[in-house]
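Index from 1, following the sequence. Given the structure is predicted, the values throughout are model-derived calculations rather than measurements. Reckoned from all heavy atoms, side chains included, excluding hydrogens, waters and symmetry mates.
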Amino acid sequence: MYLANHVEASNRDIAAAIGISDDGQASRLLARMEELGLIRNRNPYNHGAPNAWQLTADGRRLVRALESVAGAI
């Protein structure tokens with residue numbers, strides 16, 4: 001949900017925003033989301049630069065579905 005409004009956020013930006021203090025935990029979470037096809041890194045080969053995550057089409061569909069469910073509650 002955070003990436004829906006913060007395109008190209010870094011690992012640290014995302015972790016801070018959602019309350020994860022362990023960098024390793026944030027990296028594992030983002031890697032899993034990438035494996036699921038929900039997000040992609042715009043800087044995958046730029047070693048040393050921060051990651052720049054964005055939602056994929058599947059990720060955007062999931063966000064819309066979550067927003068729809070939240071709006072119905």
Under 3.5 Å, sequence neighbours excluded: what are the donor-acceptor pairs made by side chains of residues 25-39?
{"residue": "S27", "atom": "OG", "partner": "N11", "partner atom": "ND2", "Å": "3.3"}
{"residue": "S27", "atom": "OG", "partner": "D23", "partner atom": "O", "Å": "3.2"}
{"residue": "R28", "atom": "NH1", "partner": "G24", "partner atom": "O", "Å": "3.2"}

Name each donor-acceptor pair under 3.5 Å that joins a side chain in residues 60-73 to protein atoms two or more places apart or in another chain, with its distance.
{"residue": "R60", "atom": "NH1", "partner": "L55", "partner atom": "O", "Å": "3.1"}
{"residue": "R61", "atom": "NH2", "partner": "D58", "partner atom": "OD1", "Å": "2.2"}

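Taking every heavy atom of both residues into account, Y2 and I18 meet most closely at CB-CG2, 4.4 Å. For N43 against P50, the heavy-atom pair with the smallest separation is ND2-O, 3.1 Å.
Distance check, rounded to the nearest 0.5 Å: CZ of R42 to CD of E8 gives 4.5 Å. Taking CH2 of W53 as the start and CZ of R40 as the end, the distance is 10.5 Å to the nearest 0.5 Å.
Side-chain contact, N51 with N41: a donor N or O sits under 3.5 Å from an acceptor N or O.
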